[in-house]
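Remember, it's 1-based here, ligands and their atoms both numbered in the order they're listed. Computed from a predicted model, the values in this text were never measured in an experiment.
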Amino acid sequence: MRANRAASIILAVSFQTLQSPLCFLQSTLSDFRLPDWLQQYQCWLEKEGQDISDHTDRVGAPPLGMFDLSGTRVDEILYSPEYWRMLKHGYQAGLIWRVCEENAVFPAALGIYVTSFYDPGLACPYTVSLSTLVPLSKYGDAELKERFLPRLLQKDEAVWQGATWMTEIKGGSDLGATVETMARPAGTQWLLTGDKYFASNAGANLAVVAARPEGGARNVRGLALFLVPRYGRNGQLNYSIRRLKDKIATHSVPTGEVELRDSEAWLLGRAEDGIYLILEVLNVSRVANSMGSVGLAQRAMADAAAFAQGRVVFGKPLIEQPLMRRQFEDRLRQLQAASKLAWKAVVLLNEVWQERPPYSDRYHLFRLVAHLAKYWTAEVAVQTAKWAMEVHGGMGTLHEYRAERWLREAMILAIWEGPAHRQILDGLEVMERKHAHRLLFQSLAATVDASSLQQMEARVEQHLALPREEKEAGAEALFTDLARFTADALLQAEE
Ligand SMILES: Cc1cc2nc3c(=O)[nH]c(=O)nc-3n(C[C@H](O)[C@H](O)[C@H](O)COP(=O)(O)OP(=O)(O)OC[C@H]3O[C@@H](n4cnc5c(N)ncnc54)[C@H](O)[C@@H]3O)c2cc1C
């Protein structure tokens, strides 16, 4: 009886923590001091942003204004002024400019976590702006940086947004085969022609775009990364938006089909390093996506907890039913572990984000952890959102409440920047070619008991020695267990 009461008290404390992203972050990242601006940002989202976000989700894809009254093509996304206020608030709060000012990715990662608790779709513009800023600041020459960097770092409403456009109609996984956008040299610039099929933050002022320089190989080695502004030097639109997608969720970011027709572009880095730069962009977004996924999972749990405390079944609050209470406890622990994994990916990214090819071992460790985190946090988000909807019973299925939204949003987090298969297979590759798992096990050695570590290491090594077909076919179970193992180990280190 006393033990039950103690468990209820612990759970009640945990539920309070669950209701606030910052309280949860504080309890999970005990070694990290959360900045004041983040507190203010959260307060704003709580008081004003959430209502705007709910409305944006209900209204769905915004209309695209393609022409002005004189018949000139303008391609403007007709969001409400309230939406723009919400969007610009995050930029002004410093999710992006603080990254340069503090020379660290933490402001973006933490801001994306908090954003995602209220609106996972809104986290996307910040993510892709970060993923534009990073390659521009690393690989842009002095002139390019002078021209564009200050615009991305502006602290007022005029701030520019970024975007990352790789995927074309034939697919986003096998970019080496499917990218048909061609790049033609034109003096110090390039001209790009092709179509991007999933272009989030369509309308962005500046995009990083994958294209194939003329004569480039028909594989990933033939791709390069380019910077494309919304307006060309003549002041005309430099790309057009063919249409906006009607998606199940992430209504807070316009995703469109973009047409490039002799669009002015600048090459970033060396063309022969293009695929590395493209993967760097994707990996930054994957880490951001991991923070977004745990923010969303926390929100789904927080809403489920609030409902279960108020709902009375069989004579007592749903939350006090033993089966439900156990589920909450287990999921809370899983969420804490997943958050640790996402944060580990952030910390490693922060160490290596300035590296260029050829990369250090630390970078290979980062890559493995980023794949584990993107994969596992998205799984946790989807499973938690599904379960949270079930906790609400029939009410969970109704559009008028939020529970169903979190499941829709979670499904997009799981797919974009590479679904589970991509993360698993790329994770396998970095273990096989760079032995990144050995670096991972070394880094966990101080927190995990030696025999569990040896067992997991032996299992990975055995798996990597399998014939290719068998290795890929059986990779899901291995990768899932490795992700759980890593997340639990990181959590144990705190306990
Ligand atoms: C809302 C939304 C916004 C997006 N925004 C952007 C954006 O801004 N920029 C951008 O570039 N892309 C964007 N994408 C595209 C996204 O990144 C792709 O959907 C994703 O990378 C997968 O590509 P695909 O959809 O073409 O699937 P495909 O590449 O056709 O793959 C289909 C399925 O097969 C799986 N698969 C692939 N290879 C293998 C294999 N070897 N073994 C087993 N399974 C495999 C994939 O994981 C996937 O599940 C967005 C997608 C969505 C849904």
Side-chain angles (χ1 to χ4, degrees), residues 57 60-62 77 116 119-132 135 161-181 192 194-204 206-211 220 223 225-226 228 239 241-258 260 275 277-286 288-289 292-293 296 371 374-375 378-379 382 408-429 468-477 479:
D57 177 56
I77 294 153
S116 198
D119 187 333
L122 185 64
C124 176
Y126 306 136
T127 296
V128 290
S129 291
L130 174 70
S131 298
T132 304
Q161 297 197 75
T164 61
W165 299 336
M166 317 293 171
T167 308
E168 300 189 4
I169 183 102
K170 289 185 182 159
S173 309
D174 187 7
L175 288 177
T178 55
V179 169
E180 289 180 351
T181 298
L192 265 50
D195 297 336
K196 293 292 167 184
Y197 188 69
F198 273 109
S200 286
N201 226 14
L206 203 57
V208 286
V209 175
V220 285
L223 297 179
L225 187 68
F226 294 89
V228 178
Y239 67 79
I241 304 173
R242 186 190 297 144
R243 67 173 181 129
L244 293 182
K245 308 279 195 194
D246 190 4
K247 304 169 283 180
I248 60 166
T250 61
H251 295 152
S252 303
V253 57
T255 302
E257 290 169 23
V258 160
L260 302 152
I275 186 57
L277 272 64
I278 291 168
L279 290 175
E280 283 185 19
V281 168
L282 297 182
N283 286 333
V284 170
S285 296
R286 284 166 180 162
N289 199 88
S293 293
L296 163 62
H371 291 308
K374 161 64 170 85
Y375 164 65
E379 286 299 309
V382 171
R408 287 187 283 115
E409 303 275 12
M411 278 312 302
I412 290 191
L413 292 184
I415 289 174
W416 102 288
E417 294 305 0
H421 321 99
R422 196 68 264 133
Q423 307 309 320
I424 294 169
L425 295 173
D426 284 2
L428 213 56
E429 190 224 41
R468 170 135 304 278
E469 185 112 0
E470 222 180 306
K471 189 164 30 193
E472 286 196 15
E476 185 176 6
F479 210 66

Region of K247 engaging ligand 1 - heavy atom pairs below 4.0 Å: side chain
Region of N201 engaging ligand 1 - heavy atom pairs below 4.0 Å: neither
Closest protein heavy atom (residue, atom, distance) for atom 22 (C) of ligand 1: P419 CD, 3.7 Å
Nearest neighbour in protein (non-hydrogen) for atom 21 (O) of ligand 1: G418 N, 3.7 Å
Numbered atoms and elements of ligand 1 in range of [X], under 4.0 angstrom, heavy atoms:
{"X": "L425", "answer": "40 (C), 41 (N), 42 (N)"}
{"X": "M166", "answer": "10 (C), 11 (O)"}
{"X": "T164", "answer": "7 (C), 8 (O), 9 (N), 10 (C), 11 (O)"}
{"X": "G171", "answer": "26 (O)"}

Do ligand 1 and [X] have nitrogen or oxygen atoms that lie under 3.5 Å from each other?
{"X": "S173", "value": "yes"}
{"X": "W416", "value": "no"}
{"X": "H421", "value": "yes"}
{"X": "E472", "value": "no"}
{"X": "S200", "value": "yes"}
{"X": "F198", "value": "yes"}
{"X": "E417", "value": "yes"}
{"X": "I412", "value": "no"}

Y197 six-ring centre to K245 NZ/CZ under 6.0 Å and within 45° of normal: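 Pair K245/Y197 counts as cation-pi.
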pair E379-Q423: side-chain heavy atoms closer than 4.5 Å: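 Answer no - side chains too far apart.
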Any side-chain heavy-atom pair of V128 and V253 under 4.5 Å: no
Modelled atom types, side-chain donor and acceptor of T164 and S131, under 3.5 Å: no
Residue pair N289 / E417, side-chain donor-acceptor N/O under 3.5 Å: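 No, no side-chain donor-acceptor contact under 3.5 Å.
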Flag: protein heavy atom within less than 4.0 Å of atom 7 (C) of ligand 1: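 Within 4.0 Å of atom 7 (C) of ligand 1, protein heavy atoms are found.
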Any protein heavy atom < 4.0 Å from atom 25 (O) of ligand 1: no
Best match, I415, L175, V179: closest heavy atom to atom 19 (O) of ligand 1: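 It is I415 that holds the nearest heavy atom.
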Listed partners of E429 passing salt bridge (Lys or Arg N to Asp or Glu O under 4.0 Å), at least two apart: R367, R433
All salt bridge (Lys or Arg N to Asp or Glu O under 4.0 Å) counterparts of E280, not counting sequence neighbours: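 Partners of E280 by the salt bridge (Lys or Arg N to Asp or Glu O under 4.0 Å) criterion, ordered by chain and then number, come out as K138.
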Carboxylate-amine/guanidinium proximity below 4.0 Å for K196 and E257: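 Here K196 does not pair with E257 in a salt bridge, since their nearest N and O are not under 4.0 Å apart.
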